[in-house]
Amino acid sequence: MSIYISTRNKNSRFESHAAVIQGLAPDGGLFVPETIKPFLNLCRLQNLSYEETAFEILSAFMDDYSSENLKACIHSAYKDSFDTDKIAPTVSFGSNALLELWHGPTCAFKDIALTLLPHLMRTACSMDYIDDTIAILTATSGDTGKAAISGFSNVPNTSITVFYPEDGVSDIQKRQMQTSVGNNVNVVSVQGNFDDCQRMVKEACSSHEVLESLDHVRISSANSINTGRLLPQIVYYVTSYMDMVRMKKISIGDPVNFSVPTGNFGDILAGYIAKLIGLPIKRLICASNSNHVLTDFINTGIYSIDRQFLSTMSPSMDILISSNLERLLFLMSGRNESLVQKCMQSLHDKGSYAVPDHLKQTIQCLFSGYWANEEQCAQEIRSTYENDHILIDPHTAVGAYAMHAYQDETSD
């Protein structure tokens with residue numbers, strides 16, 4: 001049976017469907033699988049569709065869902081919501097490849113997971129005969145909010161409330177959220193940044209005072225603190241690898257590097273889990289914008305939010321407190337819950353923490369960190385359009401810049 005434990009208390013154990021409902025662990029930690037073992041059969045995956053690949057992967061992490069229920073969730077999520085049956089196609093990008101994650105209903109990469117999460121959550125509730133309203137609280141710097149609203153709008157026995165920074169999302173993202181329809185949708189602007197919104201959600205999810213006041217309501221989240229949001233993102237790392245095999249850019253078994261623009265560390269963490277289950281990933285390149293707290297951490301082993309928060313042209317990455325880094329610390333430290341507790345307490349009290357040298361070196365064996373300023377980001381958009389005839393958005397541009405910087409430095 002798939003068991004999930006808290007990053008702050010390994011004795012806090014939940015089945016996968018219960019972790020999906022819960023969202024955040026009761027102690028404020030994040031759920032991770034109790035065990036992660038290699039199981040991918042790359043040769044078998046060559047001829048599978050996206051839905052079939054999703055089932056192969058998710059069934060290994062969510063085996064308390066019946067095969068019939070899990071297949072139904074996946075099919076319902078992807079059958080009509082995307083403009084291509086490949087869901088997340090990979091295209092040639094010079095000598096490299098570009099994974100397209102914008103084919104969903106809101107054009108956000110979060111659509112990949114947030115079209116599936118409502119089905120996983122409703123099924124999980126039926127498994128435990130829960131008829132309470134599930135109140136989904138979500139913080140967004142732009143893309144999560146509109147994708148979550150799209151996924152949960154008018155879903156029975158749920159409500160979706162999105163908190164976004166008033167001056168921290170793009171105009172189109174703000175309008176997408178403000179004009180959302182659905183009798184269970186609430187959108188709240190916050191005088192602050194994404195970190196303020198995320199803190200509100202986490203505090204509500206773990207506050208005893210809040211939880212004890214609820215009547216036939218359960219609080220959960222659609223942010224990547226929820227395993228039901230994180231796990232579906234593993235799938236497109238695998239399907240993109242198989243696409244590269246079909247494109248003859250690589251052969252089965254060849255290692256690849258992924259350059260991932262990330263702010264909350266969820267997307268790149270999914271890549272790390274893909275490696276743990278057997279995908280041949282050589283390096284994961286963490287691409288940051290001018291809020292380069294993650295790049296600094298990877299390069300120094302010190303995580304500090306004592307810095308200016310900058311609003312950039314890639315607002316979905318304008319984040320200083322990257323929640324999913326907690327999961328990486330837990331997994332790469334040998335599931336050292338004491339270390340995680342100390343780091344998170346230090347971050348709360350002092351605004352920073354430093355990991356031991358051996359853990360820093362372990363992280364640096366797999367992860368590289370680069371960041372792009374606004375001028376470099378704009379130049380990447382221009383050069384990609386002129387040289388490759390592909391128009392990329394600013395978030396993608398950050399990832400492309402980091403890829404080129406890594407290649408220039410390493411010739412890899």
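Quick caveat: nothing in here was measured; it's all calculated off a predicted structure.
If you check the side chains of Asp64 and Ser16, you find a donor sitting under 3.5 Å from an acceptor. When only modelled atom types and interatomic distance are considered, Lys360 and Thr300 share no side-chain donor-acceptor pair under 3.5 Å. Side chain to side chain, Asp267 and Thr262 fail the donor-acceptor criterion of an N or O pair below 3.5 Å. Ser322 and Asn264 share no donor-acceptor pair across their side chains, judged by distance under 3.5 Å alone. Side-chain contact check for Glu100 and Thr90: no donor-acceptor pair (N or O, by modelled atom type) lies under 3.5 Å. Side-chain N/O atoms of Asp349 and Gln345 include a donor and acceptor closer than 3.5 Å. Side-chain atoms of Thr133 and Asn157 include no donor-acceptor pair closer than 3.5 Å. Side-chain atoms of Lys202 and Ser221 form no donor-acceptor pair, as typed in the model, at a separation below 3.5 Å. Looking only at atom types and distance, the side chain of Asn257 has a donor-acceptor partner in the side chain of Asp412 under 3.5 Å away. No donor-acceptor contact under 3.5 angstrom links the side chains of Asn289 and Tyr401, judged on distance only.
For CG of Leu310, the number of neighbouring non-hydrogen atoms (other residues, nucleotides, ligands) closer than 6.0 Å is greater than 12. Heavy atoms of other residues, nucleotides or ligands lying less than 6.0 angstrom from CG of Asp306 number 12 at most. The environment of Arg175 atom CZ is sparse: at most 12 non-hydrogen atoms of other residues, nucleotides or ligands sit within 6.0 angstrom. Remark: Tyr385 OH is loosely packed, at most 12 non-hydrogen atoms of other residues, nucleotides or ligands lying under 6.0 Å away. More than 12 heavy atoms of other residues, nucleotides or ligands shown are found within 6.0 angstrom of CD on Glu386.
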Q.
With side-chain contact (heavy atoms from CB on, under 4.5 Å) as the criterion, how do Leu120 and Leu116 come out once you've worked through the C-alpha distance, each side chain's angles and the decisive distance to 0.1 Å?
A. CA-CA 6 Å; Leu120 294 174; Leu116 179 56; 3.8 Å; yes

(Q) Using the rule given for salt bridge (charged side-chain N to carboxylate O under 4.0 Å, His left out), can you reason through Asp171 versus Lys174, listing the C-alpha separation, both sets of side-chain angles and the distance that settles it, and then say yes or no? (A) CA-CA 5 Å; Asp171 286 341; Lys174 184 182 293 187; 5.3 Å; no

Q: Give the C-alpha distance, both sets of side-chain angles, the deciding distance and a yes or no for side chain to side chain donor-acceptor pair (under 3.5 Å) between Thr295 and Ser288.
A: CA-CA 6 Å; Thr295 297; Ser288 301; 3.0 Å; yes

Q | Worked verdict on Glu374 versus Thr312 for side-chain contact (heavy atoms from CB on, under 4.5 Å) | A | CA-CA 7 Å; Glu374 295 291 86; Thr312 72; 3.3 Å; yes

(Q) Could you go through Met344 and Leu329, starting from their C-alpha distance and side-chain angles, then the distance that decides it, and tell me whether this counts as side-chain contact (heavy atoms from CB on, under 4.5 Å)? (A) CA-CA 10 Å; Met344 295 305 107; Leu329 296 180; 4.0 Å; yes

Q: Show your reasoning for whether side chain to side chain donor-acceptor pair (under 3.5 Å) applies to Gln407 and Asn96.
A: CA-CA 11 Å; Gln407 290 182 305; Asn96 303 298; 3.2 Å; yes

Q | Residues Asp132, Arg218; criterion salt bridge (charged side-chain N to carboxylate O under 4.0 Å, His left out); working and verdict | A | CA-CA 7 Å; Asp132 294 345; Arg218 300 187 184 213; 3.2 Å; yes

Q: Go through Glu15 and Tyr65 one step at a time and tell me if the side chain to side chain donor-acceptor pair (under 3.5 Å) criterion holds.
A: CA-CA 10 Å; Glu15 293 181 30; Tyr65 286 79; over 6 Å; no

Q: Step by step, work out the salt bridge (charged side-chain N to carboxylate O under 4.0 Å, His left out) result for Lys79 and Asp85.
A: CA-CA 8 Å; Lys79 63 176 179 179; Asp85 58 7; over 6 Å; no

Q) Does the side-chain contact (heavy atoms from CB on, under 4.5 Å) test come out yes or no for His292 and Arg307, once each step is laid out? A) CA-CA 10 Å; His292 46 85; Arg307 61 182 71 208; 3.8 Å; yes

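Ring geometry, Phe93 versus His404: the interplanar angle falls from 30° to 60°, so the pair is classed tilted. Below 30°, between 30° and 60°, or above 60°: for Phe367 and Phe265 the angle between ring planes is between 30° and 60°, a tilted geometry.
Not a single donor-acceptor pair under 3.5 Å links the side chain of Ser352 to the backbone N or O of Ser304. No donor-acceptor distance shorter than 3.5 angstrom exists from the side chain of Asp296 to the backbone of Asn299, with no hydrogens or angles considered. Side-chain atoms of Thr158 come within 3.5 Å of backbone atoms of Val155 as a donor-acceptor pair (strictly under, hydrogens ignored). Under a 3.5 Å cut-off, the side chain of Gln376 and the backbone N or O of Asn373 do form a donor-acceptor pair. Ser314 contributes no side-chain N or O that, together with a main-chain N or O of His395, makes up a donor-acceptor pair within less than 3.5 Å. Formation of a donor-acceptor pair under 3.5 Å by the Gln364 side chain with backbone atoms of Ile298 is found in this model. The backbone N or O of Leu230 sits nowhere less than 3.5 Å from a side-chain atom of Ser224 that would complete a donor-acceptor pair. Side chain of Asn184 to backbone of Phe152: a donor-acceptor contact under 3.5 angstrom is found. A donor-acceptor pair under 3.5 Å is formed between the side chain of Ser126 and the backbone N or O of Thr123. With hydrogens and angles disregarded, no donor-acceptor distance shorter than 3.5 Å links the side chain of Glu203 to the backbone of Met200.
Closest approach of Asn223 to Ala139, counting heavy atoms only: ND2-O, 2.6 Å. The shortest non-hydrogen separation linking Ala148 to Ala222 is CB-CB, 4.2 Å. Annotation for Leu284 and Gly271: closest pair CD1-C, 3.9 Å, computed over non-hydrogen atoms. Summarising the geometry of Tyr237 relative to Ile268, their closest heavy-atom pair is OH-CA, 3.7 Å, with the distance given to 0.1 Å.
Under the 4.0 Å criterion applied to side-chain N and carboxylate O atoms, Arg246 and Asp243 are assigned as salt-bridge partners. Of the charged side-chain nitrogens involved, none lies within less than 4.0 Å of a carboxylate oxygen, so that Glu34 and Arg335 do not count as a salt-bridged pair. Salt bridge present: Asp143 and Lys110 bring a charged side-chain N and a carboxylate O closer than 4.0 Å.
Exactly one residue among Val238, Ile112, Ile74 makes a side chain to side chain contact (heavy atoms under 4.5 Å, CB included) with Tyr50. That residue is Ile112. Of the residues listed (Leu42, Asp254, Val256, Leu40), the one engaging Pro280 in a side chain to side chain contact (heavy atoms under 4.5 Å, CB included) is Leu42, and it is the only one.
Considering CG of Asp318 and CG of Asn291, their distance stands at 5.0 Å, rounded to 0.5 Å. With values rounded to the nearest 0.5 angstrom, Lys146 atom NZ is found 10.5 Å from Ser180 atom OG.
Proximity of Ser141 to Gln173: side-chain heavy atoms (C-beta onward) are nowhere separated by under 4.5 Å. Contact check for Glu56 versus Leu48: side-chain heavy atoms found under the 4.5 Å cut-off. You'll find the side chain of Ser150 stays beyond 4.5 Å of the side chain of Gln176, heavy atoms only.
Within the 6.0 Å centre-distance limit, the rings of Phe82 and Tyr78 are counted as a close aromatic pair. Under the 6.0 Å cut-off for aromatic ring centres, Phe14 and Tyr4 do not qualify, their centroids lying 6.0 Å or more apart.
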